[in-house]
Each structure stands twice: as C-alpha cells, then as structure tokens.
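Reading through the structure tokens given below for one structure.
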Amino acid sequence: HKRHKYLFLWGLCDGSSDLKGPQEERDPQLRLVDGGSRCAGRVEIIHQHSWGTVCDDSWDLNDAHVVCRQLGCGVAFNALLYAQFGEGSGPIWLTKLACTGKEDYLWNCPALGLGKNNCEHYYDAGVICSGFVHLVGGHGPCSGRVEVNSGEGWIPVSDGNFTLATAQVICAELGCGKAASVLGNLPFRENSEQIWAEEFQCEGQEPGLWFCPRVLCPAGSCPHRGAVQVVCSGYTDVRLMKNGSSQCEGQVEIKTSGGWRTLCASHWNMASANVVCHQLGCGVAISTPKGEYFVEGGDEIWRDRFHCSGSESFLWNCPVSALGVPACAHGNTASVVCSENQTQLLPQCNDSWSDPEGSAASEGHTANCSDSRQLRLVDGGSHCTGRVEILQQGSWGSICDDSWDLSDAHVVCRQLGCGVALEATISAHFGEGSGPIWLDEVNCTGEEAYMWQCPSQHWGQHNCSHKNDAGVICSEFLALRLVSKDQKCSGWLEIFYNNTWGSVCHSPMEPMTLSMICRQLGCGDIGTLDFLIPPREGSRPHWVDGIHCREIDTSLWQCPSDPWKHQSCSAKEEAHITCTGDLLGDPSPAFLGHCQLNWDLKDALVVCRQMGCGVAIDDMYFAQFGEGSGPVWLSWLQCTGEEDHVWKCPSQGWGQQNCPHILDAGVICSGRVCGPCSGRVEVNSGGGWTPVSDGNFTLPTAQVICAELGCGKAASFLLDLPLREASEQVWAEEFQCKGWEPGLWFCPRVPCPADSCHHRGAVQVVCSEYTEVRLMKNGSSQCEGQVEMKTSGGWRTLCASHWNMANANVVCRQLGCGVAISIPKGAYFVEGGDEIWRDRFHCSGSESFLWNCPVTALGVPACAHGNTASVVCSGNQTELLPQCNDSSSDPAGSAASEGHITNCSDSRQLRLVDGGSHCAGRVEILQQGSWGSICDDSWDLNDAHVVCRQLGCGVALEATISAHFGEGSGPIWLDEVNCTGEEAHVWQCPSQGWGQHNCRHKADAGVICSEFLALRLVSKDQECAGWLEVFYNNTWGSVCHSPMEAVTLSVICRQLGCGDTETLNSSVPLREGSRPRWVDEIQCRKTDTSLWQCPSDPWKQRSCSAKEEAYIMCSGNRPKSCPGTVPCTDKEKLLLRGGDSECSGRVEVWHKGTWGTVCDDSWSLAEAEVVCQQLGCGSALDAPGEAAFGPGNGSIWLDEVYTLGQSDCKHEEDAGVRCSGERTTTPPVPGIFSLPGILCMILGALLFLVLIILGTQLLRWRAQRQALSTFEDAVDGVLYQEIDYPINPEKESLLNSPVATSSGYDDVEELPVPEIPSSFGMKEKNFFPEEGGGARCSQKGKWITISPVVLHYYHGKDGFGHINDQFSFTTRF
C-alpha cells in the first residue's frame, strides 16, 4: 500500500466544497454495501450522480464512527481496510480522511479533496457498525428483548405504545422475516435500568428502526409496564395460487428466504385457513379441499405444521412444528377457498353447538364459526402443556380442577392442535394463575370442538381458588435435555415425546442444527458431535433422525426431520453433543429435588450463590439434567435473588405439592471462568480437535477467533510451528475470514487440493483483552491527551510509570496521528475516573498496535494520584520518524531520553529468545529481514545492560556466553561488541561490523535482565504439585495464597504445563527455612496469558507470613522420576516404613515415580543384609514377612526379588527388615571452606601421628638406630604439592575411587546460593555474579598437602547452582 506525503489544511473546504451535505438528515447520500446488512459493508457515497468508494489511507475508528452515526447504525465496531467487503467500482471519492469522530456527516471531515488520490479499489474502506437495534435474551438473534444503541451502550425499549408495525420494521432490519409476536410487561434486567426516552411510531415500511418517526417522552420518561420482546418468523408472505395467479382461492404457498413453498395438507384445518383468508383480505374460509390446485413440477412440499386458533392476524403468528413430521404424500397440498367478500364475517359460535360430522370444517374438529374467546396453555414451557386458560370478556382466566379428567383434557389438546391428552393435571400443577376462574365442574364427552362447549357451571360460577387450577400435558408436548453425570452442556441428547424420554440420532446433525440445540438449551451458540464416546448401556426409544434445521427456525421443534419412530437408528448412532457453554459441576442435590413450577432466574441466582458457582446463566425446566429420585421437596419458590439459602425463599412448604420428577428444576451457573486466550489454533472435526495449518492464515482470521472466544483482539499470530506429531492430521480447508464474522464457522472456506493444505506447520494466535486505544483531551478523542485503553470492563487510563517514547510512537501510529513528540506525565489528568490501570507495556516502537507489545502487571505498585500516561503526537499522519544512526547516542535530557529510547525510526529489532521470558534469553537482532545472533567474544555486563535497557527489562544480572540459552540459527550479526553501557541501541556499540565474525553458534551471547521472572513448584516427589515460587530480583521466593481465585490458579498451572484446573492445599504443614515471600493478592483476568500479566500487590521481601505461602496442586500432577533430587542415588530409592526407627520397618522401593513394597516370597536374611548395608544401618538382625510392620499400599514392585513390577502377592505378604544399628548420617560440613573444621581435622591428625612417631623413636632409639635412619630418609622423600595445583588425570581417577568417596558424605547439604532457573530451554549452567564482568569459574580440584598427611578436597559443580562437596583423607607412610 503506497503512502505519500500530502499537505492539507484543517478546516478548509477543499474536501467538502463539491460534496454538499444532505438537506434532510436521513437523505441517502451514504451507504454500506456487500456486508449483509445496512449497517456493515463497503463505504460508498454519491457525488455527481455516481456512487463511489473511500480509500482506506488513514482510515480509522473515528472515521467509521461518523459513518455509523450518520446512518443511524449505532457505533463502529471495526474500521476495515483492504476491501474486506469486496472491491467497489466507479470513482474513489475520498482519501486521507481525518475525522475526529464527532462530525455529523462524513464529508464534513478534513480530506484531500474529491477524487484527488492515486488509490485503487483494493484499498476500499469498510465499516462494521453495532447496528441501531438488536434482540437479546431469546433463542437466537431473531427473538428477544428490544434494545437500541445510544452510542454509549445498549438501552432497552419499553412496551409503552409499542406496535406490531414497529416490530415488523425491526424483524426486517435484522434479516429475520416478519414479526410473529410482540410481548410486553416483561421485567427489566435491573429495576434501575435506563429506558430509551422515545416512543417509536413506525408505519411498517421503513428500511430500519432509525428511520421511524419518534416522539420524545414527557420529562424523558416513557409510561410503560416493562420491557418489550419481539419474536420474528422466517415466513414473510402468503398467497393462494390458482392457474398461475394469486387469487382468493387456490393452493397455499408461503414465502421464506428460500423462495415460495407449497404447504402440506396434513394437519391443515379451517382455523389456519381462516387466518390466511383474513390476512389476504379475502373474507372467511369456506372450505379446505386437499390437493385440488396441485401443479406438477414444483419443489418438495413444505411439511411445517401451523397450529392456529383462528384469531391470529398473520399465519406466522401461529405456533409451528416440523420435527418428526413425515414427508407429504404426492399432490397432498393445502388449499383454501375464501368467500372473497372482505366484509363477510364468520357466524357466531354457539356454546352448545357441536361440529357436524363430515362437514368441511370437521377436520381437526375446528368449527367454521367466529368466537372472540381464545384458549392457551401457560407455564409449561410449550404451547402443548401447561395451565389451561381461556380469554373471555377481554380477560384471561383459569379452569377449576373439580371433575377435571382426560376427556376434558382431550378437548383442550385437540382444540390447540396438540394431539391427544396424556395427563389431566390438578392442584395448580403448573402454578397458580391470576385473574378470574372462568369454568368449574367441566364435564366434556371428549368430542367437543371447543372447551367452552362442554357442560359446566356457567361462566364465572365456581367455589375454587387458584390452588385448584387445571392443567394439561398433550401428546405433542416436546422437551429437550442433555444427559450427563457431571456436565451441564455436554451429554446424550434426549427428547421427551409421547410421554417418554428417548434419544436422538446424530445423522446428519449439521452445524446449524447443533447451534439450534445448544441455544435452546441455553448452552451457547456452537455445538459439536462427539463420535468417540462409547455407546450407552440400557434400552430406550431412539425417537428421531435426519434433523435438518434452517435459518428461519427458532426452535428445534420447527426443524424438519424424519418421522417419529420408536427405533429410528441403532444405539451406536445416538447423538452425544458438547456445546460451547459446557460447564463442569457436581450433580449436587441442590440442582435436584425442586419442582420447576414458577422456577426462574432469581431462584437460580440463589442456588448459584449458595453453591459458590458465580451467577445463574440459565434456569432449566423439564428435568434437563435427568429426572431425580426420592421426594420433591420444594415447589413454587419465589426468591428475590438476594437470599443466602434457597430454602429461605417463600414456597409452598417442604413436600407440599404433587410435582412429578419430569418437572425437576435445574440451573446452569457461570462457574469458574476458563479458556486460555493464546495457543495453537484447532477446530473440532466432530471426531476430535484438528490443528489448523499456517497456509494463507491471516490476521482477520485471528481477529475472528479472538472475538469468538471472548478474548478481545488478536495481538499476534505465529506461523511455522511444529505439529505435535509429524503425521498429525491438518484441517483440510483454508479459512478466508474478513474479520467481522461472528465466529470462525461463518468464515468463507476453500477446500485444499486433494484434502492436503500447503503449509509449513501449525499456527498460534495470541489474543489481547485490549481492543482499542485513544488519547483524551477535554472529553474528546484527539491526537494528544491522556492514554486510555478499552478492555471488556470499559475504558482504562494508563499509568505513566514505565511509559516511554517507544510506547508513545506505537499509539500515535496506531491512531494515524503521526509520531510522538513528547510524553508529559499527568498533563491531561481528569479527576473522578476509575483507578489508574497499572499494566506496563514493553514496546520496541515498531509494533502496529499497542496490544502487540509485551505486558506485565505482576508486582507493579498502584499508580500515584494523577500520574497518568499522556502523549502529544505530531498530528501529521504522513510524518515519519528520522532514521536512526548507528553511531548516534541519545542526547541526555531530550524528550526521548526516558527509558533510553531514542525518537527515531529503525527497521532493526531486538529480542531475547529461548529464555522463557522477553527479559531473558539468547540475544537476536533483526537485520536485512533475518534474525541473527551475537558472538560472545568480549561480551560482558556493559553490553548486556544496553540490551536490557533497550527492551525495557531493567538492568542486566548476567551476560551469558557459550550458547547458554541454546544455539541460534541464521546469521551471526555482531562480534567483539564493546558497549560503554550508555548506548540506546546495542547496534550503536563499537563492533567488527555487520556480519563480520569468526564465531559459531556455540558462542551465542545471552542476557538475564533484572525484570526476568520465572515460576516453579517445589516438591520432593511431585512434578505439578508443591510450594509455588517466583524467581524475582535474582532470588527464588514464595508466593502468598490470598486471594488465589480459580482464574489465577488456572493461569499458573497452564504456564507450568500442568493442566487447566487446580486447587490450593491449605492442609500442608509449614515449610522450614526462610526465604522471601515476594508477592500477594494476585488476581488474574480471563485474558491474561501468563502470571506476569496478572495484577497484584507490589513486590516485597515479606508480603505475608509463612502460614500464607501457597501450596498448589494442578490437574496434571504426576510423580517425579526421583523421590528427591535428581539424579537419584540408590540410597534415596529405598526406605523403611512402619518401624520404631529409620533402621527397621516395611521395605519400600521407588520405581516408575511411586513407592511400592516387596513381597516376602523367598525373603531371607541375605536380602535383608543388602537393605541394611544400602541404608547404612549396620547388619541385618531379622527379615520378618507377612506384613509384620503393617500392609503397605500401591504397587508391589518386587517378588522373589527377581523382576520389577511382576508379582502375584498381596500387601499381607509385605517384607520387612530389622537392622543392627541406627541409620548413620554424616553431619553436613558447615560451608564450602569451614576454617575451624579443617584446622581441627588437620591438628588432630598431626597430633596423632606425632605421638606414634615419638613412641616409635623411644622404643627403638637404641636397638634400631639404623632402621630409624632409613625411616627418616623415607620421610624426607615425601613429595610436597602446592595448594591450588590443578588435578591431573591420575589424581582425578583417585578422586573418583571408592576410597575418595567412602566416608558417607553423599548428604552434604546445598548452599543457599542463588539459583537461576534452568527451565524454558536454557542450557544448565551455574550462575555466579562476579566482579570484573562475570568471569567464569572453572572446575578445579584442590590438593592441600601436609606431610606425612595428604588432605584431599574436591569442589565440583553439579547442575545449575547445585554444589556437591566431597571430602576424603589419605595417609602415606
């Protein structure tokens, strides 16, 4: 994309003089096209009678906000570049727009001028707006509460004067067809919730709600009873076709998004026919002849069944079902003959009239007469089950259950088109109604057409209360659930049909069907089929197969399928589904044993709070988690939502109801938030997770993934990563997302040739919770001001601590505001905002977005009042930073000096790799497009200081050499680097020049900076359980456990590679010894990808007491390969348990990461002797068997003392040992060179030898003078060796001999020397900070020789900071 420098004057009319704003506010001078709705697409404006596009040069969210506001589409979600909605045609009218975001019209923004550009359509700008209206809280985007966007957020619309015409406009705008129903008097989410202060007065033909006339409510408060809900239908039109034309008689056809569809005559009746005639203005229905107007050659006949009462205004207001409906017989199409007299009305129905058998109206037992009364079933979760209510004299009322039986219930079910009655319920089974009780002592024969034609005590005559309200469960009643022991949104899919729960078959179960199921269950929007689950045991009906949901369907019951059958498939084909809302949880009794009557979210909230499971996501009905057993204790709960215990809510009392277990209530709570926001991209194939390759993977695809996971924006994506296995299957499609799709599933895809995608490896995406940045000054967003970042919690002000020019340049470039000029601290601070955000950004200055920079928050202290980060940008969008000069130094005191980042541009980049942190690792430089390393010749702390400061990582702790962090690849860019320590960039230091060296990668240089952090769990025998420690300030220290919520624990375990779930273990005894307790109050957020990003209290040497040190157990816990330190000694792999001392007890052996016992078969004193000798416990006294010291547990590792792991014994045969002595252990030598200890040993040895010599001389002085003379000559010949003389090979062999290591000094304790972590791929080496730039220790043995005694001391290094000291004495005579 070519970028050129232009000069333009702000405020002049060059960009707008030829393009006049519309005279009317909503004149269509601007539009969005090819985005699927009027609020998303490519930006086009009309000028000189031609539609043209806008170039994306400098296109940003401020420009997009103006477009969205002008079109009445809410606020901008995204400003899209590179023709992501397709390339336009015609002129490119505008470029270099510089809107502030407050303009009323796009052409009021400064720009280069009409048509003055060299842009191509490849760079057409696009916008995704929030839209002005949406529906929330329903089963999908086409049903729910009406909310409109105020520009600051979504606000509910009240039901005051809300009309069907307004609902029609909303449904059409959302692409959801026609309005099926409007419900008012719904509760708001919060009592104090703000309500939209206008009434909409749509006429029905407007293109969107924004264009409807509005009336401002008096005093900004609209009279209302509550919120309003709209349910849209995919059906948009109906007609009667005869001889190819639409008339008032003919074949019934209904229009959907797929075109015109012919309806089946099955279940078509006069009630539905009257609705059609009334809707078409054709009078009333006279007859419904089947197939009379059928025309060959059309599409498959539509099977959807409409269950009209006859009083509906539109056919799509009637309930619809299609699940289990069989295919329509050839030619059996629904037809209607209307009266055509638009003023004709149906005759008034007579309560005592019965439908004459054989009449045209008899099908369905619906009489062809008019009746203002209506019938419904409520509070049963379906139109075919619930409390019976009748609309009479304008009021809905119930029926008393006196004499209520199946004959009465049959009439209700048949009248509603719900089949036959399965149960006639009494005693307010579906809850107590309100209003009148219309009928009592109903006594139907079962053949009546209407409920009110049955004999009764007359309207309103009764002696009942609402506790006696009658109800019905019809055969067409359907319910849905997932059956699982411990999952809320994953399990075997079951349907309640024909009064029995049965399974569902998985063929074909396309994504739209799975999505419909999950939404209906309140389990998210996406579902997957699990094919790897073993078949279930037991028998049950397999009710239905071949379910195929369509876009117009709003519930599973509307989806076409194969007909109902008792055995629609085999047991192997039962569907097991996992939805995106899958939440773990115990099947606690708190979720069972409560009747669903009157069960709602307030009741569910109490349950979730009481269980410590967050907030309620959904309140579930009809035993969706399986039917319980035993009593049903509570019914008709009326919680306020504030109670501590569910039994404190008002109810009918313990056990005071007759609720069946089919109505057991359930809850889905928010639970613990999991789900990492970084990692390898994998998609579910239905048979498991499959990695996505890096072939043609783009940033828009990464953006869609992050948005779908609720993880903000994509910070980066990495290609060419190794697959877990060389033969691993790769997803056989390439995703071509545009960036605005609601999920990866909805992105366009291209199948790979021969199902094999060209790739170099897997792809990794890292998401960031930060979604937008702005500079605020005087309440508006500009190119200077206080830095604010948007997160899921709203806009946050950044702290000025660690804020530098590199960060500022990223912000200016991201906002299209040129380059950073200065970063004044707190200059734009405004009182009264939220707490200042402490997250620190470590930008290099070359990043495209601020959220691409590394972030830390752990241990960062609270920000001082008013110390907010600010930036002043140049405002010139074409201005570039000057090119950096390698020889330049950052002038002290300049604006850029803070953080030692010069305000200049450099294509080179610096990084540290393979150290597990951006502040430790091998030094690499990006030069000429390639990453390369630095040779370690002359590499010292001064050089390392420059690297650490350049990366914002504090100061250098160590300058590592010899490929300490592994060997790099690619070029070696620099050698003989000789920094003073004050340079701004490492390439400004003197060196041999780019690419000039005589090194190999074995000499790659590295750095450990003071900001380097590491993490570990300390335990003797567990890999993923232990005391949590952080490496900070060059020292390992513990972490305090308060508050350590589930999200924090999950981040820790994932970072350690120990799984996703975890627990704090508070029952572990306190640790001995002292250490820093570095940090407390860690509170990770969902989007934090490592512990270092989690906010906490500041670093302290003593952040808490020893009792508050955190001991963590992760789900991936596994035993170490050794019980103690690595490598293991034979002594450490053997112990005695259950005895009265360390030298008696049951014999246990460490093998395969666990302790196990030895069988007593062939066990004797000979084997016991080996054990005692190995443990240093003297000789064996006894070898008892038969678990003399108690039976062990776990494995029995040895039997017949031959082969590990092969045994036919039980623990009653565990072998034991009694040894002669206490276990001998040598006390640790105090320190490396304990001078008093060494002097004592030397003087003692000298004294002993001198006494021997003197005694010998006294006894033999006279008799053996000659022999004494010979002995003195031998003493004189003793070889003296100087201290510190290097050990030669012969002496090394001596040191390794049994004599040199025989004195039991294996247990000499480790010194408390700082240990640099050896994880993250770094080579294990010692780290000893020394004077003189980090001179390296060499392994040397040291002989201290005093004749006639030679004292040998050998000092060796073992591992990374581990010191192993061995001493032995050798005498020579």
Side-chain angles (χ1 to χ4, degrees), residues 672-674 676 838-840 855-862 915-917 919-920 954 957 1008 1010-1086 1088-1117 1120 1312 1314-1320 1361:
R672 295 178 296 180
V673 179
C674 297
R838 291 181 280 175
D839 291 25
R840 292 176 177 174
V855 184
T856 59
L858 190 71
V860 175
S917 161
C919 290
L957 298 177
I1008 299 173
S1010 60
E1011 294 290 315
F1012 166 59
L1013 302 171
L1015 193 66
R1016 71 181 182 186
L1017 291 174
V1018 178
S1019 171
K1020 289 183 177 181
D1021 56 2
Q1022 299 296 316
E1023 293 286 355
C1024 288
W1027 298 100
L1028 181 64
E1029 290 192 351
V1030 169
F1031 186 81
Y1032 169 71
N1033 199 27
N1034 205 24
T1035 306
W1036 283 105
S1038 59
V1039 175
C1040 307
H1041 63 57
S1042 177
M1044 281 285 183
E1045 296 169 345
V1047 178
T1048 302
L1049 293 166
S1050 180
V1051 169
I1052 291 167
C1053 289
R1054 284 203 308 270
Q1055 187 167 336
L1056 291 167
C1058 288
D1060 285 326
T1061 55
E1062 62 302 305
T1063 55
L1064 267 175
N1065 193 336
S1066 57
S1067 61
V1068 179
L1070 297 181
R1071 277 205 290 180
E1072 296 179 357
S1074 64
R1075 66 203 64 81
R1077 292 184 277 275
W1078 279 131
V1079 68
D1080 196 7
E1081 294 288 337
I1082 303 175
Q1083 292 182 310
C1084 294
R1085 303 154 293 195
K1086 176 187 174 183
D1088 293 327
T1089 56
S1090 76
L1091 187 66
W1092 320 138
Q1093 296 178 9
C1094 303
S1096 71
D1097 287 351
W1099 298 108
K1100 287 183 188 174
Q1101 185 83 11
R1102 289 287 180 269
S1103 294
C1104 61
S1105 69
K1107 295 180 180 179
E1108 297 174 281
E1109 290 182 285
Y1111 188 101
I1112 289 178
M1113 297 180 67
C1114 299
S1115 60
N1117 189 26
K1120 289 184 178 179
E1315 177 193 345
I1316 298 295
S1318 60
S1319 57
F1320 314 118

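Below 30°, between 30° and 60°, or above 60°: for Trp1078 and Trp1099 the angle between ring planes is above 60°, a perpendicular geometry.
Taking CD1 of Ile1112 as the start and CG of Leu1049 as the end, the distance is 5.0 Å to the nearest 0.5 Å. Here CG of Leu1017 is found 11.5 Å from CH2 of Trp1027. Values are rounded to the nearest 0.5 Å. In this structure, Leu1015 CG and Leu1028 CG are separated by 5.0 Å, a value rounded to the nearest 0.5 Å. Going from atom CD1 of Ile1008 over to atom SG of Cys919 covers 11.5 Å, rounded to the nearest 0.5 Å.
Residues Val1039 and Met1044 are in side-chain contact: their nearest non-hydrogen atoms beyond the backbone lie under 4.5 Å apart. No side-chain heavy atom of Lys1100 sits less than 4.5 Å from a side-chain heavy atom of Arg1077.
Trp1036 carries Arg1016 over the face of its six-membered ring, with the cationic atom under 6.0 Å from the centre and within 45° of the normal.
A donor-acceptor pair shorter than 3.5 Å cannot be found between the side chains of Thr1048 and Glu1045.
In plain terms, the two heavy atoms of Pro1098 and Ser1103 that are nearest each other are O-OG, 4.2 Å. Minimum heavy-atom separation, Asp839 to Ala857: OD1-CB, 3.7 Å. Across all non-hydrogen atoms, the minimal contact from Val1079 to Asp1097 is CG2-O, 3.5 Å. The two atoms that bring Ala1110 and His1041 nearest to each other are CB-CB, 3.8 Å, heavy atoms only. When all heavy atoms of Pro1076 and Thr1035 are compared, the pair lying nearest together is CG-CG2, 4.0 Å. Between Ser1019 and Ala1025, the closest heavy-atom pair is CB-O, 3.0 Å.
The SG atoms of Cys1094 and Cys1084 lie less than 2.5 Å from each other. Pairing of Cys1114 with Cys1024 by a disulfide is not supported, the SG atoms lying 2.5 Å or further apart. Cysteines Cys1058 and Cys1053 are not disulfide-linked, with SG atoms at least 2.5 angstrom from each other.
A donor-acceptor pair under 3.5 Å is absent between the side-chain atoms of Arg1071 and the main chain of Glu1109, judged by distance alone. Between the side chain of Arg1085 and the backbone N or O of Gln1083 there is no donor-acceptor pair closer than 3.5 Å. A donor-acceptor pair under 3.5 Å links the side-chain atoms of Glu1108 to the main chain of Ser1105, judged by distance alone.
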Test log, rule side chain to side chain contact (heavy atoms under 4.5 Å, CB included), inputs Ser1074 and Arg1102: CA-CA 10 Å; Ser1074 64; Arg1102 289 287 180 269; 4.3 Å; yes
Side chain to side chain contact (heavy atoms under 4.5 Å, CB included) between Asp1080 and Ser1096, worked out: CA-CA 6 Å; Asp1080 196 7; Ser1096 71; over 6 Å; no
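Looking at residues two or more places apart in sequence or on another chain, you find a side chain to side chain contact (heavy atoms under 4.5 Å, CB included) between Thr856 and Arg840, His842, His918, Trp1092.
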